[in-house]
A.B. asks: 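The structure is given below, and queries will be raised subsequently.
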Amino acid sequence: MLARVRPIVFAGPSGAGKSTLIKKLMTEFPSAFGFSVSHTTRKIRPSEVDGVNYHFVEREAMEKEIAEGKFIENAVYSGNMYGTSIKAVQDVVDSGKVCLLDIDLQGVLLVKKTDLNPYYVFISPPSMEELERRLRGRGDTEEDAMQQRLETAKKEMAYRDQEGLWDYVLINESLEDAYAKLRAFITERYPL
Ligand code: ADP
Ligand code: 5GP
């Protein structure tokens, strides 16, 4: 699928601040950006709304739609399935907005094989200790899942410094400072 304006993919370990930064962008520029609502088989969190943060679905239903070719990419993360449907991106593109995607590293590598041609932004925590503090502070991840996410985070962080993989690596230390940098990266590339 070819988008008229380049989408933006946000990646980086769980707890780094991707959703927070995306939410800030969409609040400041509601008519410019639209979120690609992924499908997932994980349980909904208290702060989430079905159809807004994700389409929360059963594994069988998602596997069927994947087999029917309805997804641009899909991956298993921490034991749950996640994926971007063609419709999720198409809806945003059709609305004339810049499409924002929040996907994991496997998703990034798969999207790179498509013609979507987004910018790739890696959101990095300042340290693994701070990442753990943020994940725990969010208070919606059970201990088992926490350990799995921290293990996955270590692997994902190893890709942060890989040459040519990212258009921008943003260290999210102070939220205000990180948002200002993200805003600058984006306003240089899109007429907002
Ligand atoms: P992700 O979407 O990457 O999994 P979130 O946006 O949910 O991460 O952020 C994880 C937690 O860290 C949330 O509780 C969020 O409020 C908090 N957080 C995000 N950015 C910062 C920051 N710069 N400083 C401190 N806490 C932050
Ligand atoms: P969470 O469960 O914390 O919302 O997300 C876990 C991980 O799944 C994050 O790294 C997030 O970026 C990723 N993710 C969310 N949606 C998708 C998707 O559609 N495809 C892929 N590949 N990863 C996704």
Side-chain angles (χ1 to χ4, degrees), residues 7-27 35-57 62 65-66 70-89 91-92 99-114 116 118 120-142 144-146 148-157 159-160 169-183:
I8 309 174
V9 163
F10 291 83
S14 177
K18 299 178 297 295
S19 314
T20 305
L21 288 162
I22 288 173
K23 203 181 284 175
K24 278 178 89 67
L25 258 185
M26 295 194 35
T27 303
F35 186 57
S36 158
V37 182
S38 294
H39 283 55
T40 184
T41 62
R42 88 150 154 72
K43 276 193 234 145
I44 189 166
R45 295 174 184 149
S47 62
E48 292 176 323
V49 178
D50 192 11
V52 174
N53 305 92
Y54 284 102
H55 298 291
F56 293 92
V57 292
M62 186 155 171
E65 292 200 4
I66 291 168
K70 292 185 179 166
F71 281 71
I72 294 172
E73 60 79 31
N74 65 278
V76 173
Y77 185 99
S78 241
N80 295 302
M81 293 175 71
Y82 293 82
T84 307
S85 70
I86 295 171
K87 184 174 187 305
V89 174
D91 284 351
V92 178
C99 183
L100 307 181
L101 296 90
D102 176 346
I103 60 177
D104 84 326
L105 187 73
Q106 305 167 77
V108 166
L109 300 177
L110 291 169
V111 168
K112 283 199 179 238
K113 294 182 185 160
T114 72
L116 198 63
Y120 295 93
V121 178
F122 187 96
I123 307 295
S124 171
S127 65
M128 288 303 290
E129 291 73 25
E130 175 61 14
L131 181 74
E132 184 165 353
R133 255 194 299 280
R134 287 184 193 170
L135 264 183
R136 292 193 185 279
R138 204 167 62 187
D140 52 16
T141 307
E142 285 163 18
D144 279 8
M146 180 78 72
Q148 241 181 331
R149 275 166 193 257
L150 290 171
E151 277 308 307
T152 305
K154 275 189 218 153
K155 291 184 197 138
E156 287 178 314
M157 286 296 279
Y159 282 84
R160 181 185 70 177
V169 174
L170 177 62
I171 314 279
N172 178 19
E173 185 154 22
S174 129
L175 183 58
E176 291 319 308
D177 176 56
Y179 183 63
K181 286 181 177 149
L182 177 63
R183 199 180 182 285

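The first residue of the sequence shown is numbered 1, and numbering continues consecutively from there. Whatever order the structure lists ligands and atoms in, that order sets their numbers, starting from 1.
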A.B. asks: Counting from 1, what ligand 2 atoms have a heavy atom of K18 closer than 4.0 Å?
C.D. replies: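 Checking each atom against K18, I get 12 (O).
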A.B. asks: For A16 versus L131, what's the shortest heavy-atom pair and its separation?
C.D. replies: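 Closest approach of A16 to L131: N-CD1, 3.5 Å.
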A.B. asks: Considering only protein heavy atoms, which is closest to atom 3 (O) of ligand 2, and at what distance to one decimal place?
C.D. replies: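 It is R149 NH1, 2.7 Å.
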A.B. asks: Pull out every atom of ligand 2 sitting under 4.0 Å from any heavy atom of Y54, numbered as shown with elements.
C.D. replies: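 The atoms of ligand 2 under 4.0 Å from a heavy atom of Y54 are 1 (P), 4 (O), 5 (O), 15 (C), 16 (N).
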A.B. asks: Looking at ligand 2, does any of its N/O atoms fall within less than 3.5 Å of an N/O of A75?
C.D. replies: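 Looking only at distances, the answer is no, because the N/O contact criterion of under 3.5 Å is not met.
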A.B. asks: Given side chain to side chain contact (heavy atoms under 4.5 Å, CB included), test M81 with I66 step by step and report yes or no.
C.D. replies: CA-CA 11 Å; M81 293 175 71; I66 291 168; 3.4 Å; yes
A.B. asks: What's the shortest heavy-atom distance between P13 and K18, and which atoms?
C.D. replies: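 Looking at all heavy atoms of both residues, the closest pair is O-NZ, 3.0 Å.
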A.B. asks: Please give me the minimum heavy-atom distance between A11 and V108, naming the atom from each residue.
C.D. replies: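 Heavy atoms only, the tightest pair is CB-CG2, 3.7 Å.
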A.B. asks: Looking only at protein heavy atoms, which one is nearest to atom 8 (O) of ligand 1, and how far off is it?
C.D. replies: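 Result: G17 N, 3.1 Å.
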A.B. asks: Which residue holds the protein heavy atom closest to atom 19 (O) of ligand 2, what is that atom called, and what is the gap in Å?
C.D. replies: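 So the nearest neighbour among protein heavy atoms is S38 OG, 2.6 Å.
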A.B. asks: Between ligand 2 and D104, is the shortest N or O to N or O distance under 3.5 Å?
C.D. replies: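 There is such a contact, yes.
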A.B. asks: How far is atom 4 (O) of ligand 1 from the closest protein heavy atom, and which atom is that?
C.D. replies: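 For atom 4 (O) of ligand 1, the nearest protein heavy atom comes out as G15 N, 2.8 Å.
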A.B. asks: Provide the number and element of each atom of ligand 2 under 4.0 Å from a heavy atom of G107.
C.D. replies: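 Atoms satisfying the 4.0 Å criterion: 22 (N).
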A.B. asks: Does any N or O of ligand 1 fall below 3.5 Å from an N or O anywhere on E130, backbone included?
C.D. replies: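 No, since none of the N or O atoms of E130 sits under 3.5 Å from an N or O of ligand 1.
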A.B. asks: S14 heavy atoms, cut-off 4.0 Å: which ligand 2 atoms fall inside?
C.D. replies: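 Answer, ordered by atom number: 3 (O).
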A.B. asks: Below the 3.5 angstrom mark, is there an N/O of Y77, backbone or side chain, next to an N/O of ligand 2?
C.D. replies: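 No - when backbone and side-chain N and O of Y77 are compared with those of ligand 2, no distance drops under 3.5 Å.
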A.B. asks: Where is the nearest protein heavy atom to atom 20 (N) of ligand 1: which residue, which atom, and how far?
C.D. replies: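 Looking only at protein heavy atoms, the one closest to atom 20 (N) of ligand 1 is N172 ND2, 3.1 Å.
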A.B. asks: Of the side chain and backbone of K43, name the one, both, or neither that has a heavy atom under 4.0 Å from an atom of ligand 2.
C.D. replies: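 The answer is neither; K43 stays 4.0 Å or more away.
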A.B. asks: For atom 15 (C) of ligand 1, which protein heavy atom lies nearest, and how many Å away is it?
C.D. replies: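 Minimum-distance protein heavy atom for atom 15 (C) of ligand 1 reads T20 OG1, 3.6 Å.
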A.B. asks: Does NZ in K23 sit with more than 12 non-hydrogen atoms of other residues, nucleotides or ligands closer than 6.0 Å?
C.D. replies: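 Open.
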A.B. asks: Do ligand 2 and R42 have nitrogen or oxygen atoms that lie under 3.5 Å from each other?
C.D. replies: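 In this structure, R42 places an N or O atom under 3.5 Å from an N or O of ligand 2.
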A.B. asks: Show which atoms of ligand 2 fall inside a sub-4.0 Å distance from at least one heavy-atom site of G83.
C.D. replies: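 Near G83, meaning under 4.0 Å from one of its heavy atoms, ligand 2 has 18 (C), 19 (O), 20 (N).
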A.B. asks: In the protein, what heavy atom is nearest to atom 2 (O) of ligand 1, and what distance, to one decimal place, separates them?
C.D. replies: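 Protein heavy atom at minimum distance: S19 OG, 2.5 Å.
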A.B. asks: I'd like to know if R42 and E48 make a salt bridge, using a cut-off of under 4.0 Å between side-chain N and carboxylate O.
C.D. replies: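 Between E48 and R42 there is a salt bridge, with a charged N closer than 4.0 Å to a carboxylate O.
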A.B. asks: Which is closest to atom 21 (C) of ligand 2 by heavy-atom distance: E73, Q106, R138?
C.D. replies: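 Comparing heavy atoms across E73, Q106, R138, the nearest one to atom 21 (C) of ligand 2 lies in E73.
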A.B. asks: Are any of the N or O atoms of S174 closer than 3.5 Å to those of ligand 1?
C.D. replies: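 No.
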A.B. asks: Checking F10 against L100 for the side chain to side chain contact (heavy atoms under 4.5 Å, CB included) test, could you report, in this order, the C-alpha distance in whole Å, the side-chain angles of both residues, the deciding distance, and whether it holds?
C.D. replies: CA-CA 7 Å; F10 291 83; L100 307 181; 4.0 Å; yes
A.B. asks: With a sphere of 6.0 Å drawn around OH of Y159, does it hold more than 12 non-hydrogen atoms of other residues, nucleotides or ligands?
C.D. replies: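 It does not: Y159 OH has 12 such atoms or fewer within range.
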A.B. asks: So, are E176 and K24 salt-bridged, with charged N and O less than 4.0 Å apart?
C.D. replies: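 Between K24 and E176 there is a salt bridge, with a charged N closer than 4.0 Å to a carboxylate O.
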A.B. asks: Is L175 close to ligand 1, meaning an N/O of one under 3.5 Å from an N/O of the other?
C.D. replies: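 The answer is yes, given that L175 and ligand 1 share an N or O pair closer than 3.5 Å.
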A.B. asks: Parallel, tilted or perpendicular, judged at 30° and 60°: which one describes the rings of H39 and F71?
C.D. replies: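 Geometry flag for F71 against H39: perpendicular rings.
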A.B. asks: Is there at least one pair of N or O atoms, one from K18 and one from ligand 1, spaced under 3.5 Å apart?
C.D. replies: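 K18 vs ligand 1: N/O contact under 3.5 Å present.
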A.B. asks: Nearest protein heavy-atom contact for atom 24 (N) of ligand 1: which residue, which atom, what distance?
C.D. replies: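 Closest protein heavy atom to atom 24 (N) of ligand 1: R134 NH2, 3.3 Å.
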A.B. asks: Under 3.5 Å, side chain of E73 to main-chain N/O of T84, donor-acceptor pair present?
C.D. replies: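 Here the side-chain-to-backbone pair exists.
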A.B. asks: Could you check whether R133 pairs with E129 (Lys NZ or Arg NE/NH1/NH2 to Asp/Glu carboxylate O, under 4.0 Å)?
C.D. replies: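 Judged by the 4.0 Å cut-off on N to carboxylate O distance, R133 and E129 do not form a salt bridge.
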A.B. asks: Short list, please: which atoms of ligand 1 are under 4.0 Å from a heavy atom of P13?
C.D. replies: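 Once the distances to P13 are compared, the set is 3 (O).
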A.B. asks: If I compare all heavy atoms of A153 with all of M128, which pair ends up nearest, and what's the gap?
C.D. replies: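 What the structure gives for the nearest pair is CB-CE, 4.0 Å.
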A.B. asks: For P125, is there any backbone N or O sitting under 3.5 Å from a side-chain donor or acceptor partner on E173?
C.D. replies: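 Between the backbone of P125 and the side chain of E173 there is no qualifying donor-acceptor contact (under 3.5 Å).
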A.B. asks: Would you say A178 touches ligand 1, if touching means a heavy atom closer than 4.0 Å?
C.D. replies: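 False for this residue.
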A.B. asks: Of the non-hydrogen atoms in P126 and R134, which two are nearest, and what is the gap between them?
C.D. replies: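 P126 and R134 have their closest heavy atoms at CD-NH2, 3.8 Å.
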A.B. asks: Among Q148, K155, K154, whose side-chain hydrogen bond (donor to acceptor under 3.5 Å, both in side chains) with E151 holds?
C.D. replies: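 Testing each of Q148, K155, K154 against E151, the sole residue satisfying side-chain hydrogen bond (donor to acceptor under 3.5 Å, both in side chains) is K154.
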A.B. asks: For ligand 2, which atoms sit closer than 4.0 Å to a heavy atom of D102?
C.D. replies: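 So the answer, numbered in order with elements, is 11 (C), 12 (O), 14 (N), 15 (C), 16 (N), 17 (C), 24 (C).
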A.B. asks: Counting both backbone and side chain atoms, is some N or O of E156 under 3.5 Å from an N or O of ligand 2?
C.D. replies: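 N/O-N/O distance under 3.5 Å: no.
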A.B. asks: Any idea which of R138, E173, R45, R149 brings a heavy atom closest to atom 7 (O) of ligand 1?
C.D. replies: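 Nearest heavy atom to atom 7 (O) of ligand 1 lies in R138.
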A.B. asks: Is the closest heavy atom of H39 to ligand 2 under 4.0 Å?
C.D. replies: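 Contact absent.
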A.B. asks: Does any N or O in the side chain of D50 come within less than 3.5 Å of the main-chain N or O of F56, such that one atom is a donor and the other an acceptor?
C.D. replies: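 Confirmed, D50 side chain pairs with F56 backbone.
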A.B. asks: Could you tell me whether ligand 1 has any atom less than 4.0 Å away from a heavy atom of A16?
C.D. replies: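 Yes, A16 has a heavy atom closer than 4.0 Å to ligand 1.
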